Amino acid sequence: MIDLKYLQNHFDEAVQKLQKKGVSSDTLQGLKTLFASLKAANAAFESARAEQNQMSKLFGTYKREGRDTAELKVKVDARKEEIASLQEAAREAETALYRVALSIPNFPDESVPEGADEKENVELHKVLEPRSFDFEPKEHWALAEENGWIDFERGVKLAKSRFSVLRGEAARMERALISFFLDTNRSKGFEELCVPFLNNAAMLQGTGQLPKFEDDLFKIEDENLYLIPTAEVPLTNLYQDEIIPEKALPVLMTGYTPCFRREAGSAGRDTRGMIRQHQFDKVEMVAITHPEKSEEVFEMMVQNASDILTALGLPHRVVLLCGGDLGFSAAKTIDLEVWLPGQNQYREISSISTTGDFQARRAKIRFKEGKKNRLAHTLNGSALAVGRTLIAIMENYQNEDGSIEIPEVLKRYM
RNA sequence: CGGGAGAUGUCAGAGCGGUUGAAUGUGCCGGUCUUGAAAACCGGUGAGGGUAACACCUCCGGGGGUUCGAAUCCCCCUCUCCCGGCCA
């Protein structure tokens with residue numbers, strides 16, 4: 001959630017910043033008004049309640065002194081209804097405010113370039129030269145079929161479309177990649193965690209998936225739980241509603257989880273192959289930092305993900321997202337796009353974001369700074385998306401006969 | 001899933017319906033003492049909102065109710081622990 005006091009005191013700046021994310025000034029004006037209404041309603045209710053409390057306390061005094069309380073009771077009763085309605089008004093004001101506030105995206109960081117969509121993202125640099133092929137490189141689904149690595153049909157049979165089954169060497173490589181990623185992250189100081197793949201609504205609200213993006217989630221109706229769309233949800237919310245000692249910062253976590261996404265808005269996109277599935281494996285990094293240290297940790301996370309790709313020998317480029325392409329919670333995002341020779345293009349394989357204090361404010365993740373509690377910064381990033389790495393290896397390590405080499409660093413895992 | 005017990009501040013653990021936001025112990029911070037440390041003693045120490053700072057409001061698992069007034073009484077839910085069933 002954005003800082004409502006900031007919105008109140010620096011309205012024009014706020015409008016300007018959120019323009020990059022397509023939020024109208026009318027919406028923000030409405031939010032500002034709701035915030036003012038809440039404060040007014042609270043003030044009215046609280047002063048009425050204060051009077052009531054004082055009168056109630058008198059009963060104790062009167063009784064001890066043996067005085068009659070009948071007159072006092074009449075006085076209190078007279079205001080009862082009024083106070084109840086003031087309380088109701090304050091509650092309604094709060095509900096109205098949060099209904100809007102929770103659906104407002106985060107402010108983009110100053111360093112985020114202007115732009116409407118992914119076409120205006122800025123390539124920062126490339127790592128590794130794509131190899132040249134003396135034959136026509138195939139796309140991963142063709143290679144998958146030739147090698148019997150991915151069983152798309154039976155995945156659909158077991159569940160529905162956009163589910164698939166990895167078989168044999170592919171299944172082993174999936175497992176090898178997970179281990180390789182976790183080990184690498186651990187060597188950079190990230191604690192490895194194994195977390196629930198179902199989280200409750202409060203957690204999904206904490207990281208920003210709810211209330212706005214419920215349609216993108218798989219929900220277990222009977223239990224009121226959601227399949228996580230990314231390990232960012234459980235890892236970040238591990239510290240929801242907690243106050244972390246300053247010396248424990250930064251908290252660096254990594255974990256492997258499957259991720260589940262309805263892909264509600266992407267009908268027709270990437271229907272072929274394993275690029276976009278309802279279920280995929282991912283190893284995630286999450287950091288909770290002191291606000292002054294988040295930039296530094298962000299750079300480290302980008303470097304780490306890039307280093308993993310480099311270690312695998314996968315050519316990639318580092319891209320700074322423009323304002324229009326930023327996600328809901330993100331203040332700043334860098335994508336790593338891996339080269340897919342079969343598709344002859346770069347495709348996203350990792351996305352590293354800082355949310356500033358946006359998620360921390362929602363999830364109440366704070367730390368002790370001296371005597372004061374302060375909102376932390378939260379960051380997250382893939383290192384890496386496992387299925388897409390598998391695809392990248394297939395396409396980059398293919399031979400003319402359709403066979404696939406195993407990257408050197410993975411050999412000890414297979 | 002069935003039966004019993006419980007949910008209070010870092011933790012432990014009190015709390016007749018009214019000066020209890022909460023005894024006491026413990027932990028932590030500061031001070032006295034000490035060459036230093038320990039011990040002892042003194043003081044401070046939950047969160048959110050609000051304020052220039054006070055005041056003030058809210059929070060004793062969550063929600064609702066009774067009452068002038070609820071941590072204390074009633075109802076519902078959730079969670080934890082113990083017993084039984086089932087089970088990786």
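Chain letters run A, B, ... following the sequence lines, proteins first and then strands; every chain starts at 1. The shown structure was predicted, so the numbers you read here are calculated from the model rather than taken from an experiment.
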Name the nucleic acid region contacted by [X], choosing base, sugar-phosphate or nothing; use a 4.0 angstrom heavy-atom cut-off, strictly under.
X	result
A:Asn373	sugar-phosphate
A:Lys80	sugar-phosphate
A:Arg79	nothing
A:Ile243	sugar-phosphate

Other residues, nucleotides, ligands: >12 heavy atoms within 6.0 Å of A:Lys188 NZ: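 More than 12 heavy atoms, drawn from other residues, nucleotides or ligands, come within 6.0 Å of this atom.
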
A:Gln54 atom CD, neighbour heavy-atom count above 12 within 6.0 Å: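 No, because the 6.0 Å sphere around CD of A:Gln54 holds 12 heavy atoms or fewer from other groups.
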
Whole Å only: how far is the [atom1] atom of [X] from the [atom2] atom of [N]?
X	N	atom1	atom2	result
A:Leu97	B:G49	CG	P	13 Å
A:Leu4	B:G50	CG	C1'	15 Å
A:Ile83	B:G69	CD1	C1'	12 Å
A:Asn53	B:U67	CG	P	17 Å

Residue-phosphate contact under 4.0 Å: A:Lys372 side-chain N/O, B:G46 OP1/OP2: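 Checking B:G46 against A:Lys372, no side-chain N or O comes under 4.0 Å of OP1 or OP2.
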
OP1 or OP2 of B:U58 under 4.0 Å from side-chain N/O of A:Arg49: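 The answer is yes; a side-chain N or O of A:Arg49 sits under 4.0 Å from OP1 or OP2.
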
Donor + acceptor pair across side chains of A:Asp216, A:Gln209 (<3.5 Å):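 No, no side-chain donor-acceptor pair sits under 3.5 Å.
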
A:Phe59, nearest nucleotide to its side chain (from B:G18, B:G49, B:A47):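 From the listed options, B:G18 comes nearest.
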
Minimal non-hydrogen separation, A:Tyr413 against A:Ala176, with atom names: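 In this case the closest contact between A:Tyr413 and A:Ala176 is CB-CB, 3.6 Å.
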
